[in-house]
Every structure is written in C-alpha cells, then in structure tokens.
Visitor: 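Right, I'll just put the structure down here and ask away after.
Worth saying up front: this structure is predicted, and the values here are computed from it rather than measured.
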Amino acid sequence: TISVLETANGVTKRRSLPIPAHDSDDHSDTADMWREFAGAMLEFTRPDVFHFHHGHTTNPSVALAAIDAGIPTVVSLHDFNLVCPRNHLLDRWGSYCGIPANPNVCGACLGWDLQEIRAWRLISQSVLSRADRVIVPDPTVSELMGRAVTMPPAETMEMIEPIGHDFAPATMQAPTSRKLRRRVLIPGRIEAPHKGGLLITELVERLVGHNVEIHSIGSDDVADRNGV
C-alpha cells in the first residue's frame with residue numbers, strides 16, 4: 001500500500017491505497033498500470049497542482065494521469081529519469097554513458113528490448129510536451145536529454161537561476177597547536193558512485209602526503225588511507 005497524508009486545520013489523517021501488483025521483469029504493461037493507479041490516487045486526493053520529478057520505481061505515465069485529469073502539472077528535471085530509468089546516466093559498470101546515440105546500447109544496459117526503452121522515452125516526451133511548466137536546473141540538462149527525446153522549446157521552459165555568491169578571501173588560520181595545515185569535512189554518502197563518490201575518492205587519494213585531514217559525515221563504507 002501507499003500512504004496518503006492529509007493535513008487540514010492542524011489535523012493530519014493517514015489513508016492507504018493499494019499499490020498495483022506486477023511482475024518486475026515484465027515492463028509491457030507497466031506504463032498503463034501506473035497511469036491507472038495514479039488516476040485513482042488523484043481522484044482520491046484531488047490536488048490543485050501535480051508536481052512531477054521522475055518516474056523512479058513507478059513510470060513517467062503517472063504525470064500523464066494528472067494531465068488527463070486536467071490538473072495543472074509541473075515537471076522538474078533534477079535528474080535524467082525521463083530518458084533513462086537509471087536516473088544518473090551511469091551504466092551498469094558505474095561509468096558515465098552520455099546517452100548513446102544507438103538506443104540498443106541503452107536496452108542492453110537496462111536489460112530491456114528496444115521497444116521498451118522507446119516506449120519509456122515516448123511517454124516521457126509526451127509528458128514534457130503536455131506539461132504546463134517544465135523546470136530545468138541548467139541548460140545542459142535540456143541539451144543532454146535532447147539526444148534521446150524532443151524537448152519543449154527553450155522559451156517554454158523555466159531555468160533555475162544559479163545562486164552565486166562572492167566570498168572574501170579566508171582569514172581564518174588553523175590553531176598553532178595543530179600540525180595539520182587543513183582539516184576538511186565532506187558531508188554525504190561519498191562512497192556512492194552516482195553521488196560523485198568516485199571523484200571524491202580520487203581527490204582524497206591525491207591529498208595523500210599533503211598534510212590534510214579528511215572527515216566525512218553520512219558514510220559508512222570509506223576505507224582508511226595512509227597519509228590522509
């Protein structure tokens with residue numbers, strides 16, 4: 001089941017809806033199943049706005065259910081799920097794929113046939129073209145996705161303005177009692193490749209012998225490295 005929390009006048013109620021059962025190895029009816037389920041959920045909750053981020057663990061067709069119901073629909077593209085269910089454009093070996101021109105490569109990576117990957121992207125393209133607003137964090141996201149699907153015209157998409165800040169040169173000095181020149185804190189699960197773990201690992205290794213102390217918060221699988 002899936003829980004729906006309803007809060008009004010300071011009172012929260014929890015309701016449950018059954019999630020459709022399906023064969024995880026059979027993708028042939030996944031889109032229709034999730035579209036039907038989303039339609040029932042939307043009828044149950046009756047939202048004023050549907051804000052779609054990705055189809056991870058479901059299917060992009062859930063957004064089409066909102067559009068079909070006449071609910072204003074906003075799509076935020078903070079990953080690449082609409083062109084690849086792996087979300088982060090990492091292949092099964094953890095390497096950046098760059099969205100291959102040949103979709104057969106994608107199908108082999110996902111274990112899908114060509115028809116399935118094309119169906120996923122066709123639904124995604126329909127979502128993008130029919131949504132009331134599409135929000136992208138950076139033009140490069142639209143450019144990359146455009147290799148696999150037809151993106152809406154640039155003037156119809158909303159780009160998130162970068163948050164810039166000019167910092168003054170640091171004046172803080174390490175305590176004189178400390179022998180290390182720098183102490184660095186890295187928050188997050190840095191061992192996860194799709195979160196930049198490989199890059200951070202490389203940077204940490206390059207710091208060996210440079211008298212730097214590295215701390216991480218949120219990771220439980222970081223190997224000790226001599227000299228860091």
Visitor: With the 4.5 Å side-chain cut-off for hydrophobic clustering, are Trp120 and Leu122 part of the same group?
Guide: no

Visitor: If you take all heavy atoms of Pro152 and Val134, which pair is closest and at what distance?
Guide: CG-CG2, 4.3 Å

Visitor: SG of Cys109 to CZ of Arg92: how many Å apart, nearest 0.5 Å?
Guide: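 Those atoms lie 6.0 Å apart.
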
Visitor: Taking atom CE of Met33 and atom OG1 of Thr58, what is their separation to the nearest 0.5 Å?
Guide: 8.5 Å

Visitor: Let me confirm one number: the CZ-CG distance from Phe80 to Leu144, rounded to the nearest 0.5 Å.
Guide: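 Answer for the CZ-CG pair, Phe80 versus Leu144, is 4.5 Å.
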
Visitor: Less than 4.5 Å apart, side chain to side chain, heavy atoms only: is that true for Pro103 and Leu114?
Guide: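 Yes, side chains in contact.
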
Visitor: Side chain of Thr156, backbone of Pro153: donor and acceptor closer than 3.5 Å?
Guide: yes

Visitor: State, to 0.1 Å, how close Arg121 and Val83 come at their nearest heavy-atom pair, and which atoms those are.
Guide: NE-O, 2.8 Å

Visitor: Nearest 0.5 Å, please: how far is OG in Ser129 from CE in Met151?
Guide: 10.5 Å

Visitor: I'd like to know whether CZ of Arg206 has more than 12 heavy-atom contacts from other residues, nucleotides or ligands below 6.0 angstrom.
Guide: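 Not buried by this count: 12 neighbours or fewer within 6.0 Å.
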
Visitor: Does Val75 form a side-chain contact (heavy atoms from CB on, under 4.5 Å) with Val127? I'd like the steps, not just the answer.
Guide: CA-CA 8 Å; Val75 177; Val127 169; 3.8 Å; yes

Visitor: Please determine whether a side-chain nitrogen of the Lys or Arg among Asp68 and Arg35 lies less than 4.0 Å from a carboxylate oxygen of the Asp or Glu.
Guide: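 So Asp68 pairs with Arg35 through a salt bridge.
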
Visitor: Judged by modelled atom types alone, do Asn87 and Asn81 share a side-chain donor-acceptor pair under 3.5 Å?
Guide: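 Yes, a side-chain donor-acceptor pair sits under 3.5 Å.
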
Visitor: Within the supplied structure, the quantity of interest is the number of heavy atoms (other residues, nucleotides, ligands) at a distance under 6.0 Å from Arg118 CZ; does it exceed 12?
Guide: no

Visitor: Do you know the tightest heavy-atom contact between Val105 and Pro100?
Guide: CG1-CG, 3.8 Å

Visitor: Specify the closest pair of heavy atoms between Ala31 and Ser61, including all atoms of both residues, with the distance to one decimal.
Guide: O-OG, 2.7 Å

Visitor: Measuring only between side-chain heavy atoms, which start at C-beta, is Pro47 closer than 4.5 Å to Leu42?
Guide: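 Answer yes - side chains close enough.
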
Visitor: Between Arg147 (side chain) and Gly98 (backbone), is there a donor-acceptor pair under 3.5 Å?
Guide: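 Pair found, side chain donor or acceptor close to backbone of Gly98.
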
Visitor: Verify the cluster assignment for Met159 and Val141: are they in a single hydrophobic cluster under the rule of side-chain heavy atoms below 4.5 Å apart?
Guide: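 Yes, one cluster joins them.
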
Visitor: Backbone N or O of Val149 within a donor-acceptor pair of the Gln125 side chain at under 3.5 Å?
Guide: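 No: the side chain of Gln125 does not pair with the backbone of Val149.
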
Visitor: Should Ile99 and Tyr96 be counted in the same cluster of Ile, Leu, Val, Met, Phe, Trp and Tyr side chains packed under 4.5 Å apart?
Guide: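 Same cluster.
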
Visitor: Applying side-chain contact (heavy atoms from CB on, under 4.5 Å), run through Phe50 and Val74 and close with a yes or a no.
Guide: CA-CA 6 Å; Phe50 185 84; Val74 179; over 6 Å; no

Visitor: Whether the side chain of Glu116 engages the backbone of Asp113 through a donor-acceptor N/O pair (distance < 3.5 Å, no angle test) should be reported.
Guide: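 Judged by distance alone, yes, a pair lies under 3.5 Å.
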
Visitor: What is the minimum heavy-atom distance between Pro85 and Leu110, and which atoms define it?
Guide: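 So the two residues come closest at CD-CD1, 3.8 Å.
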
Visitor: Can you tell me if Arg133 has over 12 outside heavy atoms packed within less than 6.0 Å of its CZ?
Guide: no

Visitor: About how many Å separate SG of Cys106 and CZ of Arg86, when rounded to the nearest 0.5 Å?
Guide: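 With rounding to 0.5 Å, CZ (Arg86) is 10.5 Å from SG (Cys106).
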
Visitor: Which pair of non-hydrogen atoms, one from Ile67 and one from Arg130, has the smallest distance, and what is that distance?
Guide: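 Closest pair (atom of Ile67, atom of Arg130, distance): CG2-NH2, 3.3 Å.
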
Visitor: In a check of side chain to side chain contact (heavy atoms under 4.5 Å, CB included) between Leu77 and each of Ile135, Asp138, Leu82, which one passes?
Guide: Leu82

Visitor: Going from CG on Leu64 to CD1 on Ile123, what distance comes out if it is rounded to the nearest 0.5 angstrom?
Guide: 7.0 Å

